[in-house]
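Each remark here refers to the structure printed beneath this line.
This chain uses plain numbering: 1 for the first residue, then up along the sequence. None of the values given here were measured: they were computed from a predicted structure.
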Amino acid sequence: MGKQSNAQKIFLALVFIILYAPIFFLIFYSFNSNGTMSSFESFTWEHYAAVFDDTRLIMIVLNTVIVALLSALISTAIGVLGALAIVYLKNRKLRNTLLSLNNVLIVSPDVIIGASFLILFTAVGVRLGFASVLISHIAFSVPIVVLMVLPKLLEMSDSLIDAARDLGASGRDVLTRVIISYIKPGIFAGFFLALTYSLDDFAVTFFVTGNGFSTLSVEIYSMARAGISLTINALSGLIFIVTIGLVLVYYALNRRNRTPVTGVKK
């Protein structure tokens, strides 16, 4: 048993090394004054300074953050309502159909989703830019939120709702103070996952962006095609740090909200 446990730990360590080694290698060379990734000459902050000195790049970062926050907020609201509608549907066949359609969107390749949106926006006359990117990000984030919220809804006992109604709670009180309170960890999980997906999405955004509007993933791809630059390393390092920050915030909020549902006042 001890040998098996040690083998599992070694395997897990190897998996994490394989996953994180390229990231730390990239960040390590972002401090290289040599300007290449072939040999480390000396420590410097110049590549990070170049990121903050690039006004266009800062605007693209702001574009990316605004789209990510808006799409995460809107998709979370829609996803929570969608999950509630699916769970409380009395027609079992319709419920299973909606769940299947939701899951199909999650497993569908990003290239297909991006191409579909491009065809749709072209057909209806929507100009490619901020609006097209935002709508696309909301669309692929909603199924993720539904998937995060559904388990918490299915886990919740109907006796909580019955007890709240017996205590005189209105439909609004039941929704906001019992159901939403109970599924809050799932809502936070859905929001942060949607935020992360939006921040690092490339394939869908690549198809639907235009009119001078760009996001970080598309910009990094364009910069990488132009040639190796350690500014890309510095930018990627900053994104990695922000991502870690988001994960830590999520876990902090998740632990804070793991409290039992309290009684409903009359």
| request: Can you label the angle between the His137 ring and the Phe140 ring as parallel, tilted or perpendicular, going by 30° and 60°? | output: tilted

| request: Classify the ring geometry between Phe31 and Trp45 as parallel (under 30°), tilted (30 to 60°) or perpendicular (over 60°). | output: perpendicular

Please check if atom [atom1] in [X] has more than 12 non-hydrogen atoms from other residues, nucleotides or ligands closer than 6.0 Å.
X: Tyr20; atom1: OH; value: no
X: Phe16; atom1: CZ; value: no
X: Phe206; atom1: CZ; value: no
X: Phe11; atom1: CZ; value: no
X: Phe121; atom1: CZ; value: yes

| request: Take Ser214 and Thr209, measure what side chain to side chain donor-acceptor pair (under 3.5 Å) needs, and give me the verdict at the end. | output: CA-CA 6 Å; Ser214 185; Thr209 192; 5.3 Å; no

Where [X] and [Y] come nearest, the two heavy atoms and their spacing:
X: Phe117; Y: Ser136; answer: CG-OG, 3.7 Å
X: Ile27; Y: Gly237; answer: CG1-CA, 3.8 Å
X: Val178; Y: Met156; answer: O-SD, 4.5 Å
X: Glu155; Y: Tyr182; answer: OE2-OH, 3.0 Å
X: Leu150; Y: Val87; answer: CD2-CG2, 3.3 Å
X: Ile60; Y: Leu216; answer: CG2-N, 3.6 Å

| task | Evaluate the side chain to side chain contact (heavy atoms under 4.5 Å, CB included) criterion for residues Glu219 and Arg56: first the C-alpha distance (whole Å), next the side-chain angles of each, then the deciding distance (0.1 Å), finally the verdict. | result | CA-CA 10 Å; Glu219 183 64 18; Arg56 181 176 176 275; 2.7 Å; yes

Could you check whether any side-chain heavy atom of [X] comes within less than 4.5 Å of a side-chain heavy atom of [Y], counting everything from C-beta outward?
X: Ile17; Y: Phe24; value: no
X: Val67; Y: Phe130; value: yes
X: Val204; Y: Asp201; value: yes
X: Thr205; Y: Phe213; value: no
X: Asn32; Y: Thr44; value: no

| Do Ser141 and Ser71 get their side chains close enough for a donor-acceptor pair, meaning under 3.5 Å? | no

| request: Test side chain to side chain contact (heavy atoms under 4.5 Å, CB included) on Arg127 and Ser132 and set out the steps. | output: CA-CA 7 Å; Arg127 294 184 64 186; Ser132 61; over 6 Å; no

From [atom1] ([X]) to [atom2] ([Y]), nearest 0.5 Å:
X: Ile241; Y: Ser236; atom1: CD1; atom2: OG; result: 11.0 Å
X: Thr97; Y: Leu89; atom1: OG1; atom2: CG; result: 10.0 Å
X: Leu153; Y: Ile179; atom1: CG; atom2: CD1; result: 7.5 Å
X: Thr215; Y: Leu199; atom1: OG1; atom2: CG; result: 9.5 Å
X: Leu235; Y: Ile239; atom1: CG; atom2: CD1; result: 4.0 Å
X: Leu57; Y: Thr231; atom1: CG; atom2: OG1; result: 8.5 Å

What about [X] and [Y], same hydrophobic cluster or not, with Ile/Leu/Val/Met/Phe/Trp/Tyr joined at side-chain heavy-atom distances under 4.5 Å?
X: Val218; Y: Met59; answer: no
X: Val146; Y: Tyr88; answer: yes
X: Ile78; Y: Ile144; answer: yes
X: Val208; Y: Ile74; answer: yes
X: Phe207; Y: Ile135; answer: yes

| request: Have a look at Val65 and tell me which of Asn63, Leu62, Leu69 forms a side-chain contact (heavy atoms from CB on, under 4.5 Å) with it. | output: Leu69

| query | Going through the checks in order, is the side chain to side chain contact (heavy atoms under 4.5 Å, CB included) test met by Leu193 and Val145? | reply | CA-CA 8 Å; Leu193 203 56; Val145 177; over 6 Å; no

| field | Under 3.5 Å donor-acceptor, Asn103 side chain and Leu99 backbone | value | yes

| request: Using modelled atom types only, decide if a donor and an acceptor are shared between the side chain of Ser198 and the backbone of Ala194 within a distance under 3.5 Å. | output: no

| Candidate pair Asp53 and Ile58, rule side chain to side chain contact (heavy atoms under 4.5 Å, CB included), full reasoning | CA-CA 8 Å; Asp53 288 340; Ile58 297 299; over 6 Å; no

| Can you check side chain to side chain donor-acceptor pair (under 3.5 Å) on Ser30 and Tyr48, steps first, answer last? | CA-CA 8 Å; Ser30 70; Tyr48 287 89; 2.7 Å; yes

